[in-house]
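Read through the structure below, which is laid out as structure tokens, and then see the notes.
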Amino acid sequence: MKVLVACKRVIDYNVKVRVKADQSGVDLQNVKMSMNPFDEIAVEQAIRLKEAGTATEIVAVSLGAEACQETLRTALAMGADRAIHVHHDGGLEPLAVAKLLKAVIGAEQPSLVLLGKQAIDDDCNQTGQMLAGLLGWPQGTFVSRLKVEGAKVAAGREVDGGIENVELKLPAVMTVDLRLNEPRYASLPNIMKARKKPIDKKTPAELGVDPAPRLRTVKVAEPPKRQAGVKVDSVATLVTKLKEEAGVI
Amino acid sequence: MTKAWIPPLADTRFVLGELIDLDRAIERAGNHVDRPGVDQILDEAARFATDVLTPLDRPGDATGARLENGTVVLPSGFAEAYGRFVEGGWNALASPAAIGGAGVPKALATAVAEYWTSASMAFGLCPLLTQSGIELLARHGTTAQRQTYLPNLVSGRWTATMCLTEAHAGSDVGALRTRAVRQGERWHVRGEKIFITYGDHAMAENIVHLVLARPEGAPAGNKGLALFAVPKFIPDRSGAPGRRNDLRVMRLEHKLGIHASPTCHMAFGEAEGAEGELVGAEGGGLAAMFTMMNSARLAVGVQGIAMGEAAVRHAARYAGERVQGRAHDGRPAGIDQHPDVRRSILVARAEVEAMRGLALVLADALDHADHGLDAASRGRAADLADLLIPVVKACGADAGIAAADAAIQVHGGHGYIEDSGAAQTWRDARITAIYEGTNGIQALDLVRRKLGRDRGQAALGFVGQVAAVARDLAAAAELEGLRRRLDMAVDALGMATRWMTAAVERDGDEAAAGASDYLRLFGVVAGGWIMARSALAARARLAQGPSAPLPPEVYRAKLISARIHADHVLPRATALAASATSGAALLRAIDRL
């Protein structure tokens, strides 16, 4: 079984995000970038499927600028077998990503596609769903348990009330959640071996997809600063304030 | 307080990218890695050090290693972390590919070793000692010994120790009394050794003690010594750890710092004799030890740098959080706004950066001396490395201790309280000036051996190299202050070198009396050389614009650091030169100390 994993290069989760002065977006100049943590979980799951003998090949895919190759090397060092880089400078929206992934999937014919449930930069939480829709494949989102059984995959989805257990027919698209696994550290020998693993390069034009944005960003602003609290001297004042100023009771 | 240390990835990348020829270094090491691979190794090592090793450090200091029923028990978490370290392949980073190592440039392995040590010096000591054992056995072991020991030591499944010191034989190792008696193919070793780092533990399957002893009938002094591999468990025919050898830990030392690293007093051969194999020739024990000495001394200098980096980060965090007094505009200020606090942190940082650059340049020179493509350049690299070894060992240690001292001072009264964590860095760092040849021994090595053997020619060659960089600075108007200071400092080094060379020939005591200050002077000027080269490189990168490999703030910070070094460190050169050339007469003028 072939597993395809999508890996997005995003601003590192440790970096304090700054909005550009002209409010056109987030400042990405000279900030540390890493693999989207949810995608790391997806890569880890693919490797575990391979170690369990379920998967036979893992293909990591990343879409974006030249530097996405670093992200792919991380996936290869963790244990992916080969990688595909769809090179595009400039922004990519979830629909464009889904279309590009669909084109790659058409050529690769994987049985299972794993993605992070969302990327920590724009938090869209759309790509996996759009991809499944475009492919006409079943989808399992927010997956925190996953088991492949023959031509089916059983998954536990994190929903508000708890875990929803679903069973899907393969091929399928799954978006993974935080509690599915804990990604491994790349070992030194695997880092050294990663450079010998192939990274194929493609362009949106080769895949027949127009990646032009369809959305217009009006303004990006920081959330308002929290105001300082006040001390009240009695419960009565507190209740009055909650009633009259906060309007919550 | 938790540790404030974060891996100095940007500075490591700056040094590897600007001060050494990384592509050549990769080629010399056998092309087992490419540049993106180097970046990835640094990133992953930084992550491992931060996530897995750092949490060991504070609790490990509080608990310490213990001896229970004759076995060393390490603080909780150490064995698991070591297991992950070995499983991740990190123990093999510093070895050549031919013996199962990763085959990366020594400068890269050295940079990563700094991260292990900053995260937890007590943890990092174990692989550091194993590395020395690997280098000894790779060069002096028989084919059979190499087959038995190297794969296990390179992977880290087994660890190694260095057993030199005895109660009455410290710096004068030739006075040691441990004996070895031939028993057919093997030897029986009998004697006691002290200060054996990681002499026992249960993290690995086996421990190979490399023991310096005197074979029966061998002459007294250094020339009679031989080296023996004495494993805790004697390998069976298949090479697996077998029978328990006749050796044990008598007690653990109660130390100032590195509490989690067990420092063992070992007894070999109390019953039938500890079985060992001769490594190298019968009279060649000390000479064999010298082959790993260069690497080990570099490694200890790097420990100093690592502790200095940790101290600077700790002090900077505290200074940013601690509000005391008022800024010049009258508002309450973090103590990081006070000039004296800023100076002390920034000077410590500049010294640490200078020593990091010097250590990685030295690591590259050692690589070059061993594997350089042509004989002439190998010779030049070896000359530079020989000079810099004692300097990096002693001045790296001193920079770390000074930074740790400054960090305590920045913490004020809280720095003297263990809860702040500032004291631990100083307690841990303090040993680096002592072990692997005290800093005083390093000074004598520099003056007697390194100056004495060629009448200071190599040292004066280095002076010329620094003077040339000072001339290059003339092209950069904003670095004029740095140029003047470097010029003065290098003049002082040239003068002191000529005085010292004459003194070595004339009167050993005159030279010995000034040796430590001469070594410090050498360190100040070598640090200035590194910072001047760094400033020139940073300036060129800023001119290059957005295509430069690192963010512009890294280059701007480096320019500032170089100028701070010039303002506050380089002026010490003049004073040190005066002190170094004061002679020995007055030291004898008072009878009783």
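Residue numbers begin at 1 in each chain, while the letters A, B, ... track the order of the sequences. Values below: all heavy atoms of this structure, side chains included; hydrogens, waters and symmetry mates excluded.
In terms of heavy atoms, G37(B) sits closest to I191(A) at O-CG2, 4.3 Å. Of all non-hydrogen atoms in G89(B) and P189(A), the two that sit nearest each other are CA-CD, 3.9 Å.
Within the structure, salt bridge (charged side-chain N to carboxylate O under 4.0 Å, His left out) pairs that include any residue of residues 32-51 of chain B comprise E40(A)-R47(B), R73(A)-D34(B), R13(B)-D39(B), R13(B)-D43(B), D23(B)-R35(B), E44(B)-R47(B) (at least two apart or interchain).
The number of heavy atoms from other shown groups lying within 6.0 Å of CZ (R145(A)) does not exceed 12. The number of heavy atoms from other shown groups lying within 6.0 Å of NZ (K201(A)) is above 12. Within a 6.0 Å radius of CZ in R322(B), other residues, nucleotides and ligands contribute more than 12 heavy atoms. More than 12 heavy atoms of other residues, nucleotides or ligands lie within 6.0 Å of CD in E553(B), so this atom counts as buried by the packing criterion. Few gaps surround CD on E51(A); more than 12 heavy atoms of other groups in view lie less than 6.0 Å from it.
For E87(B), the part lying under 4.5 angstrom from a heavy atom of chain A is the backbone only. No part of S34(A) comes within reach of chain B, as not one of its non-hydrogen atoms sits under 4.5 angstrom from that chain. At a 4.5 Å heavy-atom cutoff, the contact between V104(B) and chain A is made by side-chain atoms alone.
Between atom CE of residue M192(A) and atom CD of residue Q40(B) there is a gap of 11.0 Å, rounded to the nearest 0.5 Å. Annotation: the span from R195(A) atom CZ to H32(B) atom NE2 amounts to 8.5 Å, rounded to 0.5 Å.
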